[in-house]
Amino acid sequence: MSTVHQPDPRDRPARLTVGVVGAGRVGPALAASLQLAGHRPVAVSGVSDASRRRAATMLPDVPLVTPAEVMARADLVLLTVPDDALPGLVEGLAETGAVRPGQLLVHTSGRYGARVLDPALRAGALPLALHPAMTFTGTAVDVQRLAGCSFGVTAPAELRLAAEALVIEMGGEPEWIAEENRPLYHAALALGANHLVTLVAQSLELLRAAGVEAPDRMLGPLLGAALDNALRSGDAALTGPVARGDAGTVAVHVSELRRHAPGTVDGYLAMARATADRALASGLLKPELAEDLLGVLAKGTDGAEGDVR
C-alpha cells in the first residue's frame with residue numbers, strides 16, 4: 001500500500017483548463033493524464049512536424065496555437081521544453097505579458113526547481129516543478145506508465161499540497177525534492193536510466209556480433225533479475241568477473257572488445273573500475289585479488305593488450 005500523503009479533497013485543484021507549451025514526448029502525455037482526471041486540455045504548441053503529429057494523436061481536437069495563445073487560454077500551463085530552453089522561455093513569456101496572475105505554471109525539467117520560474121512568479125503566476133521520473137516514448141503507453149511513477153516535486157510551501165494533488169491525479173507518487181538538490185536528483189536519474197539504455201544497446205550489438213539470434217530474449221530475463229536484485233540488495237547484488245576478482249577474464253574481455261568494438265572499451269573500463277571500487281568497499285572483492293584486477297584495468301586504459309592468462 002502506498003505511504004504517500006493523500007491530500008484532503010478540499011486541497012485538490014479545481015477542474016482546470018490545461019495548455020502545453022512544447023509538444024515533445026512529455027507534455028502531451030501529462031495533459032492526456034490530466035484529462036483523464038477531469039481537467040480539460042484546451043491548447044498546445046509545437047514547432048516540429050513530429051511534435052504536431054504527436055499532439056494531434058494524443059490530444060485530438062485540441063487546437064495547435066502559439067505559446068502566447070496557450071498562455072491566454074489555460075489555467076494550468078505545462079512548460080515541457082528542453083532544460084536549456086526553459087529559462088529563456090520563462091523570461092520571454094513574462095516580459096511579453098503572457099503570464100496571468102493566478103495562473104498555474106508547471107515545468108517538467110529535472111534539473112531545475114521552482115526558482116527558474118521566478119520571472120513568472122513576479123508576474124503573479126503560481127510556480128510548480130513536477131518532474132516525472134520516467135522515460136517517455138511519445139505514445140499513449142506513456143499515460144499508462146504514469147501509474148505509480150514517482151515525480152520530483154519542488155514548489156513554494158504554500159503550493160505544496162496543490163502540487164502533490166496534481167501528481168496524484170495523474171496516478172503518480174509525489175517525492176519532495178529541495179530546490180538546491182534538483183541537479184543532484186536529476187544526475188542520479190540520468191546515471192541510472194539514460195546510461196542504462198546505452199549499456200543495453202551496446203550489449204545487444206555485441207551479442208549479435210557473437211552470433212546470438214535473439215539477443216533481446218537472452219538479455220531480458222538476465223537484466224530483469226539484475227535490476228530487481230540491485231533494487232532489493234544494492235551492492236550485495238554485484239556478481240560477475242569484476243566482483244569476483246577474475247583478472248584474467250576481464251583481460252580477455254578488454255582484448256575482445258578492443259578487437260571487435262573499440263568504441264565500447266572506455267565505457268567497459270570505467271564501469272569495471274567503478275564496480276571494483278564498490279565490490280572492494282562492500283567486502284565482496286578480496287584485496288589480494290583487487291591488485292591484479294586493477295592492474296588489468298590500468299593496462300586497458302593505456303591501450304595495451306591485457307594479460308590473457
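- Between Leu166 and Leu76, the closest side-chain pair of non-hydrogen atoms falls below 4.5 Å.
- No donor-acceptor distance shorter than 3.5 angstrom exists from the side chain of Arg100 to the backbone of Ala125, with no hydrogens or angles considered.
- Leu121 places none of its side-chain heavy atoms less than 4.5 Å from the side chain of Val99.
- With a 4.5 Å cut-off on side-chain heavy atoms, Val21 and Leu89 count as touching.
- In this structure, the side chain of Gln103 engages the main chain of Ala74 through a donor-acceptor pair within 3.5 Å.
- A donor-acceptor pair under 3.5 Å is absent between the side-chain atoms of Ser282 and the main chain of Asp235, judged by distance alone.
- Between the side chain of Arg182 and the backbone N or O of Gly152 there is at least one donor-acceptor pair closer than 3.5 Å.
- Remark: the backbone N or O of Ser48 is not paired with any side-chain donor or acceptor of Arg53 at under 3.5 angstrom.
- Separation of atoms OG1 (Thr108) and CZ (Phe151) is listed at 9.0 Å; rounding is to 0.5 Å.
- Listed for the Asp142 side chain is no donor-acceptor partner under 3.5 Å among the backbone atoms of Ala29.
- Contact annotation: the side chain of Arg73 never approaches that of Thr17 to less than 4.5 Å [non-hydrogen atoms, C-beta and beyond].
- Applying side-chain contact (heavy atoms from CB on, under 4.5 Å) to Leu79 and the options Val106, Val116, Val90 leaves one that passes, Val90.
- Using a 4.0 Å cut-off between charged side-chain N and carboxylate O, Asp277 and Arg273 make no salt bridge.
- To the nearest 0.5 Å, the span separating CG on Leu257 from CG on Leu206 amounts to 6.0 Å.
- A side-chain donor-acceptor contact under 3.5 Å links Thr66 to the backbone of Glu69.
- A heavy-atom distance below 4.5 Å is not found between the side chains of Tyr112 and Pro183.
- Contact check for Val42 versus Val62: no side-chain heavy atoms found under the 4.5 Å cut-off.
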**Prompt:** Please walk me through it: do Met218 and Leu207 pass side chain to side chain contact (heavy atoms under 4.5 Å, CB included)?
**Reply:** CA-CA 9 Å; Met218 177 177 284; Leu207 287 172; 4.0 Å; yes

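- Annotation: side chain of Pro41 is not in contact with side chain of Val20 (no heavy-atom distance under 4.5 Å).
- Once rounded to the nearest 0.5 Å, the distance linking OG1 of Thr154 with CD of Glu175 reads 10.5 Å.
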